[in-house]
Amino acid sequence: MKLDPKIPAGPLKDKWTKAKFDYKLVNPANRRKYSIIVVGSGLAGASAAASFGEQGYNVQCFCYQDSPRRAHSIAAQGGINSSKNYQNDGDSIKRLFYDTIKGGDFRAREANVYRLAEVSGGIIDQCVAQGVPFAREYGGTLANRSFGGSQVSRTFYARGQTGQQLLLGAYSALSRQIGLGQVKMYNRHEMLDLVIVDGHAKGIVARNMITGAVETYRADAVILCTGGYGNVFYLSTNAIGCNVTAAFRAYKRGAGFANPCYTQIHPTCIPAHGDQQSKLTLMSESLRNDGRVWAPKKKEDCTKAPSDIKEEDRDYYLERKYPSFGNLAPRDISSRAAKEACDEGRGVGPEVGGKRLGVYLDFAAAIQRYGKIALREKGKVAGETDEQAVLRLGEAAIAERYGNLFDMYQCITGENPYKTPMRIYPAVHYTMGGLWVDYDLQTNIPGLFCAGEANFSDHGANRLGASALMQGLADGYFVLPYTVPNYLASQKAGMTPGGVALDKAAGAFDTVRADVVAFNKRLMSINGKTTPREIHHKLGRIMWEYCGMARTKEGLIKAIGLIQELRKQFWSDLKVVGTADGLNPELERAGRVADFLEFGELMCRDALVREESCGGHFREEHQILEGVEKGEAKRDDDKFFHVAVWEYKGAEEEPVRHVEPLVYEEVKLATRSYK
Amino acid sequence: MSGKNLSLTLRVWRQTGTTGKFEEYKVTDISEDSSFLEMMDILNEQIIKNGGEPVAFDHDCREGICGMCSMTINGMPHGPLPGVTTCQLHMRNFKDGETITIEPWRARPFPVIKDLVVDRTAFDKIIQSGGFISIRTGSAIDANIIPIPKDVADRAMDAAECIGCGACVASCKNASAMLFVGAKVSQLNSLPQGKAEKDRRTLAMVKTMDDAGFGSCTNYGECQAACPKGITLDFIAQLNRDYAVAKVKDFFKSTGKKRAGGD
Amino acid sequence: MPSLVKKYLMAITGLVLVGFAVGHLVGNLQMFCAPDKINRYAELLHSMPPAALWSIRGFLALCVLVHIRVGIMLAKENRAARPEQYEFKTSRNASPASKFGFLGNLYMPLSGVVLLAFIVFHLLHFTVRAAFTGIVAADYDKGGKFAATLGSGAEAREVFNVHAMVVDGFSHPAVSIFYIVGMILLFAHLAHGTSSMFQSVGLRNEKWRPRLDLLAKGLAVVVAAGFIAIPAAVLAGVITKDGVKCCKGCQPAASCTIEAPASK
């Protein structure tokens, strides 16, 4: 497998400018002769499809939802980073670049990240022009907040719905192009395979989820913006439909899959209530600004009501372990600490699978603190004691800050978080790994591009808060519109590299289509007893147990064995009801689970080989054993300062691991420390 | 977290093709902490085990923001709890032994595809006809050049919270889409960036809405009560106002130039 | 015609008709004065140039027709927008639609249709004075047996006795009850319509909606109660051909306290 990152020569800050100048262009009159397939309509997909439409290309855009507006980018809450430095607090392109590289634990590619920081300003301009109602100051200028422990205020936000507003902005641009006929939108279509002709990606096979028709679609280039694979864990904060199928089937057709083991676990999610749980809900990280995280010191206290646990019996473990960052310790660190407490048998909440998986996030101290301040300012009302007034005013102050989150918590759990501490537990949230791409966001298959969460390029081993939205839009609005035409300029419009008109090139398309039809038929004809959901649920438990927050060599080896067994069960005992020629959610899920079953194994393999701890990948064998940093992740830059790229070698064959060495020209490697 | 379990009778609309009917199912052992859609998952697993075909329903994010879930529960779109979507409705809001009737959204522009799944592309078409600000990627001016008063930005945000689920149409006795259209029109028409094509947008979106076959607004406010995101009738009023202005301007507008081929 | 234009037409014609109803009520309430008062008022109205009178009548008729025609169009479209009804529909809003259950869907159209029937009857009754209504116009007109005399001395003249006609017209309980029912529906129609028309032209918001709703209901109560008061008072014997009696058996008030007709 040839892995040329194609990083332009020259100083880091000039690379993108140079690349843009060096890229070949397509004459406006010729653009209408080219067609581009965009799979996915989230931030990356919608923005790319809209931008190509505006440039004059014919675009076909696919999404599995009933409307492009529903892609899961919509669920992002916090905000979007940009190096605008509107706050005059020391931000710059270079600082955003450095923070992202450091946050990624020095496992991302320098040039890509620098470009991301460079174009981040344009994203905000673009979104505001589209009518995205970002929060504003009274003077009418844009407001910012500090997010995820960042030392500058660079995060732009639209209440707690930034992802929704950005996606609706991109969706409106996309809709405009659909209305103009530049983009043909295929709702409720799921990409099931990639078609490669003469070594170049020239089309896809997709299933119409309403009629069940499996059809081929042809284009001069294919772009995958199909999101992350967090649902391999069954329970995650991803939407139910999120899947790895498009990326994984591209991998099976020869695309390299990079760093699949990098998963981000978010510390503040609402714990699972039991086996009926189908997905997890994230609570904004901002809650940790005022909440204190604790678990009971004694196991026997775990079943007690939190109010019955004495102050001296509570373990505020983040404050104890990380005195300077305390409750604001980074995501991966807080997540692991919660897991440790629960693994020691000190978890709280309902027992799920024999364990209590939850810790408290307590606002009592904050209510008292704010209440006392407010009492001095506002005084009490008649007939009220001081304590009552403090409680009332303190709760009001908390409601003002986090009211909507508290309501959401109460709606889901039925508990009143003003009166009893919230229960939280980490959950899978984002996946940094993805299809390998070069500087142009092109995979190792010419003509196949990959953007957004689906690629691996910008976040290294860990993603900073408010950077996912930035990356999706950067790729779609400002990177792909330059790099894809550069590829197209090397291709004859509507022709295969071999010189056959695309719409006449039946062979490759028919073969792949037949493969897909046969695959679905195979799924439908097993006629066993286990439903796709049950197998998915089992897979999720294996992944979470052995390839979740903390991983060990033994665990990963065991997991690979268990997954292989489960895969056998899947292919011998699966039950898919209904028919293939119509709306059939069971068939859809079966296909996705089939891919997760192979992909999960790949993740474990990647985690197994990476004998170090970095960012979202924590190997218990690789932690600091002594000193103040005891228990922290131990990176091994000598052996693993590279991108791991997996090549598919066939069913039941072991995949081959390739390496793209990372080259840092600007940044010096350092150890992350939050003590 | 209560740990109690419920047994329920479900009357679910089953439809393939153009006609459908209710079927009755019993489910047991439903945790009060489960969401309504988790209860539907359990129902479906049960139907599959019994050799039947599961109930098709739309759902995706399951955290109340994507707008895909769409069930009329006991005659109320998104169920009895105000301000939440079906996916955020939890079973503790129902009583043990209760019979729950589940129907799809019902409106001519939202034809049923299967069971509880309806086709809402009419909403997409409305947006495609004008629910945007025409700005090319890369041609935007700096974001802080045009100051937007905070209250204007906040109002636009109030309107922009719409998730496009269609509960407004489903709840309206006339299956009117005025709340949806009003919200989008108000968001864009309120912002300085959206003023340039305000009239054009308003006229085009209303026309597409009418052509799709939605009913018209009777100003009762049932949509507002059903909206999981708290969109208010204010935005319908703004749509009415903006449309009136646009229509009058359009009526008196002259092309301002004589052209060779007449008009 | 765009749906919104239809709503504007409903609002504007509605506004005209509400205005007319209020004016009409103010005129009619003179029934509670001495008979001369309303007869003088009727004389004034009839002395308008026919062109003006018929212009106003034509305009009102046009408003009624447009209101009805567009209303029918809307009702049809609204019905077509949901070909398959919910089996189970619950309203979660305290709107008229919810209070009247399944009738809610027909709330405005139904009250409108009955009102139309009422208007037709009312015109036949007191304007056309069709024979079947029991009113013989000639009896009340100049030279008729019930004709009224206005003024005294040289200015004395016989005029149409509206007062007597109304009292006679409402002396049939069935007729009066129909009027009362019609006016209850007028209340229902106005209670929603008067506030709704502000919304239809975009002049309402959530802050003012409760206020306008209250105002609309208040206006509807006043209008309906005012109109109901007349047939009710006739049935109760409070209004007689001689004028208003405060109680059974007492003498009718000789003159209206607002304006003494015979003072000149």
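Worth knowing before you read on, the calculation uses all heavy atoms, side chains too, and leaves out hydrogens, waters and symmetry mates. Residue numbering restarts at 1 for every chain, and letters A, B, ... go by the order of the sequence lines.
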Asker: Under a 4.5 Å cutoff for heavy-atom pairs, which residue among B:Thr232, B:Asn74, B:Thr101 has the most contacts with chain C?
Answerer: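 That would be B:Asn74.
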
Asker: Any chance NZ of B:Lys114 has more than 12 other-residue heavy atoms, nucleotides or ligands included, within less than 6.0 Å?
Answerer: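 Correct, the count exceeds 12.
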
Asker: Tell me, side chain or backbone of C:Tyr86 under 4.5 Å from chain B's heavy atoms, or both, or neither?
Answerer: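 Its backbone and side chain both get close to chain B.
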
Asker: More than 12 heavy atoms of other residues, nucleotides or ligands under 6.0 Å from NZ of B:Lys195: is that the case?
Answerer: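 Correct, the count exceeds 12.
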
Asker: Mind ranking B:Leu239, B:Ile236, B:Thr218 by heavy-atom pairs under 4.5 Å with chain C and telling me who comes out on top?
Answerer: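 Result: the option with the highest number of such pairs is B:Thr218.
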
Asker: More than 12 heavy atoms of other residues, nucleotides or ligands under 6.0 Å from CZ of B:Arg200: yes or no?
Answerer: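 At most 12 heavy atoms, drawn from other residues, nucleotides or ligands, come within 6.0 Å of this atom.
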
Asker: Verify the neighbour count for atom CZ of C:Phe132: are there more than 12 heavy atoms of other residues, nucleotides or ligands below 6.0 Å?
Answerer: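 More than 12 heavy atoms, drawn from other residues, nucleotides or ligands, come within 6.0 Å of this atom.
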
Asker: Pairing donors with acceptors under 3.5 angstrom, does anything connect the side chains of B:Asn219 and C:Ser200?
Answerer: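 Side chains of B:Asn219 and C:Ser200: pair found under 3.5 Å.
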
Asker: Is it the backbone or the side chain of B:Phe110 that comes under 4.5 Å from a heavy atom of chain C, or both, or neither?
Answerer: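 When you check distances to chain C, no heavy atom of B:Phe110 falls under 4.5 Å.
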
Asker: Which atoms form the tightest heavy-atom contact between B:Asp210 and C:Pro2, and what is the distance?
Answerer: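 Heavy atoms only, the tightest pair is OD2-CA, 3.4 Å.
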
Asker: Under 6.0 Å from the NZ atom of B:Lys207, do we count more than 12 heavy atoms belonging to anything else shown?
Answerer: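 Open.
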
Asker: Using a 4.5 Å cut-off on heavy atoms from C-beta on, say whether the side chain of B:Leu233 contacts that of C:Arg204.
Answerer: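 Side chain of C:Arg204 against side chain of B:Leu233, heavy atoms only: contact under 4.5 Å found.
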
Asker: Identify the two heavy atoms, one from C:Ala81 and one from B:Pro109, that lie closest to each other, and give their separation to 0.1 Å.
Answerer: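 Minimum heavy-atom contact is O-CD, 3.9 Å.
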
Asker: Under 3.5 Å, is there a donor-acceptor pair between the side chain of C:Asn78 and the main chain of B:Gly215?
Answerer: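 Looks like no, no N/O pair under 3.5 Å.
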
Asker: Is B:Ala170 in contact with chain C via its backbone, its side chain, both, or neither, using a 4.5 Å heavy-atom distance?
Answerer: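 For B:Ala170, backbone and side chain are both near chain C.
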
Asker: Quick one: of C:Lys7, C:Glu77, C:Arg79, C:Lys89, who has the most non-hydrogen atom pairs under 4.5 Å with chain B?
Answerer: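 Between C:Lys7, C:Glu77, C:Arg79, C:Lys89, the count favours C:Lys89.
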
Asker: If you draw a 6.0 Å radius around CZ in B:Phe22, do more than 12 non-hydrogen atoms from other residues or ligands fall strictly inside?
Answerer: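 Yes - once you tally the heavy atoms of other residues, nucleotides and ligands closer than 6.0 Å, there are more than 12.
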
Asker: Looking at C:Phe88, is its backbone amide N or carbonyl O close enough to the side chain of B:Glu103 to form a donor-acceptor pair, meaning the two atoms are under 3.5 Å apart?
Answerer: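 It does hold such a pair.
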
Asker: Tell me, do B:Gln224 and C:Arg209 make a side-chain contact under 4.5 Å, heavy atoms counted?
Answerer: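 With C-beta onward as the side chain, the pair touches.
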
Asker: Quick one: of B:Ala212, B:Ser176, B:Cys172, B:Gly213, who has the most non-hydrogen atom pairs under 4.5 Å with chain C?
Answerer: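 Among the listed options, the one with the most contacts to chain C is B:Cys172.
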
Asker: Decide yes or no on side chain to side chain contact (heavy atoms under 4.5 Å, CB included) for B:Met209 and C:Leu4, but give the supporting numbers first.
Answerer: CA-CA 11 Å; B:Met209 173 184 85; C:Leu4 266 64; 4.2 Å; yes

Asker: Any side-chain heavy-atom pair from C:Arg82 and B:Asn174 closer than 4.5 angstrom?
Answerer: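 A side-chain contact is absent here, since even the closest heavy-atom pair is not under 4.5 Å.
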
Asker: With chain C as the partner, which of B:Arg106, B:Arg108, B:Arg241 has the greatest number of non-hydrogen pairs under 4.5 Å?
Answerer: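 The answer is B:Arg106.
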
Asker: Against chain C, label B:Lys247 side chain, backbone, both or neither, depending on which of its atoms sit under 4.5 Å from a heavy atom there.
Answerer: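 The side chain, not the backbone.
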
Asker: What part of B:Ser216 is in contact with chain C, defined as an atom under 4.5 angstrom from a non-hydrogen atom: side chain, backbone, both or neither?
Answerer: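 For B:Ser216, the contact with chain C is made by backbone and side chain together.
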
Asker: Output the distance between atom CD1 (B:Ile102) and atom CD (C:Glu87), rounded to the nearest 0.5 Å.
Answerer: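 Rounded to the nearest 0.5 Å, the CD1-CD separation comes out at 12.5 Å.
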
Asker: Under a 4.5 Å cutoff for heavy-atom pairs, which residue among B:Ala237, B:Pro82, B:Cys217, B:Ala107 has the most contacts with chain C?
Answerer: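 Heavy-atom pairs under 4.5 Å are most numerous for B:Ala237.
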
Asker: Checking heavy atoms, do the side chain of B:Tyr243, its backbone, both or neither come under 4.5 Å from chain C?
Answerer: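 Both parts, heavy atoms under 4.5 Å.
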
Asker: Side chains of C:Ser91 and B:Glu222: do they bring a donor and an acceptor to under 3.5 Å?
Answerer: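 Looking only at side-chain atoms, B:Glu222 and C:Ser91 do form a donor-acceptor pair, the distance falling under 3.5 Å.
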
Asker: Could you tell me the separation between the CD atom of C:Glu84 and the CD atom of B:Gln15, rounded to the nearest 0.5 Å?
Answerer: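 Here the interatomic distance stands at 6.0 Å.
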
